[in-house]
Amino acid sequence: MSSIRLRLLKWLVGPVVLVNLGAALLAYELAWKPAELAAIQPQPGATVVSTAQEMQPAPAASSVARSAQARAQVRSAVLRTLVLVEVLVCLALAGLVWFSVTNGLAPLARLRASLDRRGSADLEPLHQDGLPQELVPVVDAFNDLLGRIGDSARAQHEFQANVAHQLRTPLAGMKLQLEWLAARHRDDPETGASLALMRQANERLIRETNQLLSLARAEPSRFEAARVEPLDLAGLVEEAVQAFVVQAVARRIDLGFSLAAAPVRGDRFLLRDLLDNLVDNALRYTPPGGTVTVRAGVEGGVARLVVEDNGPGIAPEQRARVFQRFVRLDQNTTGSGLGLAIVRDIAQVHGGEVELSSGAGGKGAVFTVRFPPA
């Protein structure tokens, strides 16, 4: 990858050196000729030697030698001075070109830094305040591209939400029919086994449909500030305790709670989705006989929700990936890979953050969600 600075220096150094060499030659000519004439011409007040004296060979030879030596000294002094001056001038000009190019590229560096600070979901247009005229077409092209990407993303999210919403009713009806069939054919083992498999598949479809709806609701563009209200994280956990306990008992997992008042401002349904996905993820990946602990409280003026398990944990190099959509680290476990992506999105639209760390002794996983003060 080439550098603009180096390319400009490559094209400018040659002409700068040639111009300086030409100026040096011109300066040499202008400086040397008067010096040469001054060395040849007699100085005022000097003694004029008679013609008879000039015919004497020894003094004449001595005078010519002294004059040639003087000219050589003057020429050498002029050349040394000019070479030194030209080297310094070339270096100064190269530094000036480098500084000028760097200063000229500063707006481009600021634009790059602004893009680097953006999140993957930030499709807002770039600001043109303070940009040089040369960069305005580039920013316009970027904004046009971001606009097209935003329109495509919105259309995709609306389609996703509409499909998920349309699927809920038939899936709920299918669940009721399967339950009715299971009750009617309870005495038929083969039919009961087939219906049990169908009910499990139906439950998975219902869960994934609900996750798609949660993912759509957690999009920043669809977040409704009017639904934000004062809430207590501990109260949200207490509301969902029964469902969590039933799931934990079915998997023979010790589920514990440590709850204290933790006031936040948020969307009740989205925060329930966040809580459900965190606890479901912990119960899903904790082996039978393990423990899962849910804690809520305030620490340092910040409301926190912590879900800790003693399962296999997540390697440090994989922790950033688990919050990406459709990523599943354990292919042997059922799921769509959307749960933790939903947790991240819901936390972000509420101004919070999610942190993943290891449990005591480096075992298990600890998910900590911090919310801004209410």
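The structure displayed is predicted, hence computed values, not measured ones.
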Nearest heavy-atom neighbours spanning L123 and G150: CD1-CA, 3.5 Å

hydrophobic_cluster_shared for V245 and L236, side chain cutoff 4.5 Å: yes

Atom OG in S194, atom CG in L181: separation rounded to 0.5 Å? 11.5 Å

Give a yes or no on whether V264 and V302 share a hydrophobic cluster (residues Ile, Leu, Val, Met, Phe, Trp, Tyr; joining criterion: side-chain heavy atoms under 4.5 Å apart). no

Test salt bridge (Lys or Arg N to Asp or Glu O under 4.0 Å) applied to D273 - qualifying residues, sequence neighbours left out: R217

Are side-chain heavy atoms of L111 and L126 found at a separation under 4.5 Å? yes

For E239, side-chain hydrogen bond (donor to acceptor under 3.5 Å, both in side chains) partners two or more places apart: R268

Using the rule that Ile, Leu, Val, Met, Phe, Trp and Tyr join whenever any side-chain heavy atoms are under 4.5 Å apart, tell me whether V306 and L231 fall into a single cluster. no

Could you tell me if the side chain of L271 sits less than 4.5 Å from the side chain of L305, heavy atoms only? no

Hits for side-chain hydrogen bond (donor to acceptor under 3.5 Å, both in side chains) against R148, two or more places apart or cross-chain, chain-then-number order -> D144

For L197, what are the other residues in its hydrophobic cluster, where any two members join if their side-chain heavy atoms are less than 4.5 angstrom apart? none

CZ-CG distance between F323 and L356, expressed to the nearest 0.5 angstrom: 5.0 Å

CG of L274 to NE2 of H350: how many Å apart, nearest 0.5 Å? 8.5 Å

Taking only residues two or more places apart in sequence or in another chain, which ones pass side chain to side chain contact (heavy atoms under 4.5 Å, CB included) with N202? L171, M174, K175, L178, I206

If I take atom CD from residue Q348 and atom CD from residue E353, how far apart are they, to the nearest 0.5 angstrom? 10.0 Å

Should the heavy atoms of other residues, nucleotides or ligands under 6.0 Å from CZ of F142 be counted, would the total exceed 12? no

Is there any side-chain hydrogen bond (donor to acceptor under 3.5 Å, both in side chains) pair reaching into residues 176-193, and which pairs are they, with sequence neighbours excluded? D188-T191

Partner residues of R304 under the side-chain hydrogen bond (donor to acceptor under 3.5 Å, both in side chains) criterion, sequence neighbours left out: E299

Please output the side-chain donor-acceptor pairs of residues 247-256 that fall under 3.5 Å, not counting sequence neighbours, one pair per line with the distance.
| from | atom 1 | to | atom 2 | distance (Å) |
| --- | --- | --- | --- | --- |
| Q247 | NE2 | D280 | OD1 | 2.9 |
| R251 | NE | L283 | O | 2.8 |
| R251 | NH2 | L283 | O | 3.4 |
| R251 | NH2 | R284 | O | 3.2 |

Is it the case that the side chain of N310 and the backbone of G290 share a donor-acceptor pair, with hydrogens and angles ignored and the cut-off at 3.5 Å? no

Excluding sequence neighbours, so at least two apart, what forms side chain to side chain contact (heavy atoms under 4.5 Å, CB included) with P107? R110, P132, L135

Test of understanding: with side chain to side chain contact (heavy atoms under 4.5 Å, CB included), list the residues that count as partners of A182, not counting sequence neighbours. L195, R199

Between CG on residue D309 and OG1 on residue T286, distance to nearest 0.5 Å: 4.0 Å

Of all heavy-atom pairs between A262 and G297, which one has the smallest distance, and what is that distance? CB-O, 3.5 Å

A261 and V298: which non-hydrogen atoms are nearest, and at how many Å? O-CG2, 3.5 Å

Nearest heavy-atom approach of A234 to A260 is CB-O, 3.3 Å

Nearest heavy-atom neighbours spanning A240 and L275: CB-CD2, 4.5 Å

Listed pairs under 3.5 Å, donor-acceptor, residues 363-374 side chains, sequence neighbours left out:
| from | atom 1 | to | atom 2 | distance (Å) |
| --- | --- | --- | --- | --- |
| R370 | NH1 | E355 | OE1 | 2.6 |
| R370 | NH2 | E355 | OE1 | 3.2 |

Using the side-chain hydrogen bond (donor to acceptor under 3.5 Å, both in side chains) criterion, which residues pair with D232? Sequence neighbours excluded. none

Which heavy-atom pair separates V139 from Q128 by the least distance, and what is that distance? CG1-CG, 3.7 Å

CZ of F269 to CD1 of I346, rounded to nearest 0.5 Å, is 12.5 Å

Is any side-chain heavy atom of E308 closer than 4.5 Å to a side-chain heavy atom of T291? no

